[in-house]
Protein chains: 2
Amino acid sequence: MKITFCCTDIKPGPWIEDLRAALPDAEVSVWQPGDPQADYALVWAPPQQFMDEQPGLKAMFNMGAGVDGLLRLKLPAGVPVVRIEDAGMAVQMAEYVCHAVIRHFRELDVYEEDMARGAWTFRKPRVRSDFPVGVMGLGVLGQRVAQALAHFEFPVHGWSRSPRQQGGVTTYSGAQGLEEFLGASRVLVNLLPLTDETRDILNARTFSQLQAGAYVINVARGAHLVEQDLLDQIDAGHVAGATLDVFRTEPLPADHAFRRHPRIRLTPHASARTLHHDCLAQITGKIAALERGEALTGVVEGARGY
Amino acid sequence: MKITFCCTDIKPGPWIEDLRAALPDAEVSVWQPGDPQADYALVWAPPQQFMDEQPGLKAMFNMGAGVDGLLRLKLPAGVPVVRIEDAGMAVQMAEYVCHAVIRHFRELDVYEEDMARGAWTFRKPRVRSDFPVGVMGLGVLGQRVAQALAHFEFPVHGWSRSPRQQGGVTTYSGAQGLEEFLGASRVLVNLLPLTDETRDILNARTFSQLQAGAYVINVARGAHLVEQDLLDQIDAGHVAGATLDVFRTEPLPADHAFRRHPRIRLTPHASARTLHHDCLAQITGKIAALERGEALTGVVEGARGY
């Protein structure tokens, strides 16, 4: 069995080594133009040439949850694209989002600033029922985030393309359910896949439909958010602030208006990192399943884009 | 039925009004020296004179979880002291502690500082198994905190005076179990009641028994912590930092070494506030149960001090 590794921005060394250890019978190498046909590929933002030269793959493993980068290419027909389904990312996403929600809800920044300047002052405790959280996207990550927010007793609303049920979450779906979902939400968490339908979905209109004093958390893709609309809504006072992990241009330009904005908290696309060992176990497990002729979960449906 | 209200630092107005609304047959008033004997009392840091003048109470409700302030007084014999068991405090404590643990574990402050100065840099993701969390005290609050940490898949250890079992938590008990518990923990969360046995329990010796790169979260009482020992252990590098909500002197003096310390995060005893409506419902429910002759939960055992 031949496995090839073609990943931009990921150091190949540890992956090659660990794939060889996990699958001692496989030939594992870093892809080079002109290489012979491989059976399986691990890819992240590969070039079109890779796709053109590897039409006979049994499967291609995308080294992350979002496959929007891959689907911009012309893919070889009939090669299943398999995305990382969790690999430790869901719990990281739950951590990141809960941290941001709790920090805002509990006004922890205000308390810390007070303490740093020598004060000792209380604020009237906020009431949890005044801070319903809306989660857009109820895939593996969205479900896990919604579950974690419900664990802290926040009212949780969820919105997805097609109808879904989840315990402890009030769900809405489709274009016709969006306005009601937004009206029920004060904190908005975006975990949608990026598709033509969801691009720019965080815009002036959606923000205006959120409850007053809204808070926006974007942990999906930068292209979901119309950045100037967020800045305008914060200036107008309808949106109280935002926590952003993803941006239209990454790395975020050093002089971008989001940097040092007093109401916007930033991280560098670090909300859920692909964890080496979890990811490796998932990929080698799926290769073994394919070799046994079993069906896989996590295969991307090209038409939907996720 | 006569109910008296004797609480330092709590505005009586809303309590009196809401008690009257909830128990329309009761006479409710703010305690004054020389008042006639009441049936029930709501107290927070009352004077000794109150205790001396109200020996015939059927029960005394302490308006918080910690009764250490009350037990320093000479209490009338045979009057049950009932503490607030939850009243929305457990979920607040879970929020506060999880926020602090996630912030430290995920290095979110480092990322935010990087982003504010125009950078876009990644750190090697920390591994969850390297950050076992030890929760001292497994009462209502400690159990809820341990459960929330387990929800985020941290290895959780719990230590209590007498043996306890909790799903997802490795438990230890008594003086003989303390060293093993500390050695299994890297992040230490203190939720113990303050008693003669637990005073100063967070000291140079306990810190030195924690795993290297330890992190300390004190949300119980300031007198649990030997403050200089914490500063010394941070200087020595064995303890990486701390999140502190309680202090030996409250309000924390404006010139205290903890203020503006780069590795210590502070809040003003705000980790779990007594929420008016939850607390009121609990007290009125318990008065009704007592009037029906039923047994109560939350009655403090004076000899143990909690």
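As the structure is a computational prediction, the values presented were derived from the model and not from experiment. Labels below follow one simple rule: chain letters A, B, ... track the order of the sequence lines, proteins then strands, and each chain is numbered from 1.
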As an exercise: rank [options] by heavy-atom pairs under 4.5 Å with chain B and give me the winner.
{"options": "A:Leu275, A:Asp114, A:Leu108", "value": "A:Leu108"}
{"options": "A:Gln147, A:Arg117, A:His256", "value": "A:Gln147"}
{"options": "A:Phe105, A:Phe122, A:Tyr96", "value": "A:Phe122"}

Original post:
Are more than 12 heavy atoms from other residues, nucleotides or ligands located less than 6.0 Å from atom CG of A:Asp9?
Top reply: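 Not more than 12 within 6.0 Å, no.
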
**OP:** Taking atom CZ of A:Arg248 as the centre, report whether more than 12 heavy atoms of other residues, nucleotides or ligands fall under 6.0 Å from it.
**Re:**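 Counting other residues, nucleotides and ligands, CZ of A:Arg248 exceeds 12 neighbours.
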
Residue [X] versus chain B: region with a heavy atom under 4.5 Å:
{"X": "A:Phe258", "result": "neither"}
{"X": "A:Ala90", "result": "neither"}
{"X": "A:His269", "result": "both"}

**OP:** Would you please classify the geometry between the A:Phe152 ring and the B:Phe152 ring as parallel, tilted or perpendicular, with 30° and 60° separating the classes?
**Re:**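 Rings of B:Phe152 and A:Phe152: parallel, as their planes differ by under 30°.
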
**OP:** Could you walk me through whether B:Glu112 and A:Leu266 pass the side chain to side chain contact (heavy atoms under 4.5 Å, CB included) test, one step at a time?
**Re:** CA-CA 6 Å; B:Glu112 288 191 9; A:Leu266 306 174; 5.9 Å; no

For the [atom1] atom of [X] and the [atom2] atom of [Y], what is their distance to the nearest 0.5 Å?
{"X": "B:Trp120", "Y": "A:Thr267", "atom1": "CH2", "atom2": "OG1", "answer": "8.0 Å"}
{"X": "A:Met115", "Y": "B:Asp245", "atom1": "CE", "atom2": "CG", "answer": "8.0 Å"}
{"X": "B:Cys98", "Y": "A:His151", "atom1": "SG", "atom2": "NE2", "answer": "6.5 Å"}

Between [X] and [Y] (side chain of the first, backbone of the second, donor and acceptor by atom type, cut-off under 3.5 Å), is there such a pair?
{"X": "A:Arg260", "Y": "B:Ala116", "result": "yes"}
{"X": "A:Arg273", "Y": "B:Arg123", "result": "yes"}
{"X": "A:Arg106", "Y": "B:Ala270", "result": "yes"}
{"X": "B:Arg259", "Y": "A:Ala119", "result": "yes"}

**OP:** Determine the minimum heavy-atom distance between A:Gly118 and B:Ala254, stating which atoms define it.
**Re:**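 In terms of heavy atoms, the two residues are closest at O-CB, 3.7 Å.
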
**OP:** Could you tell me whether the side chain of A:Val127 reaches within less than 4.5 Å of the side chain of B:His277, counting heavy atoms only?
**Re:**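 Sidechains of A:Val127 and B:His277: no contact.
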
Original post:
Does B:Arg103 pair with A:Glu95 as a salt bridge, N-O distance under 4.0 Å?
Top reply: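 Salt bridge flag = no for A:Glu95 with B:Arg103.
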
Original post:
Is it the backbone or the side chain of B:Asp255 that comes under 4.5 Å from a heavy atom of chain A, or both, or neither?
Top reply: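 When you check distances to chain A, no heavy atom of B:Asp255 falls under 4.5 Å.
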
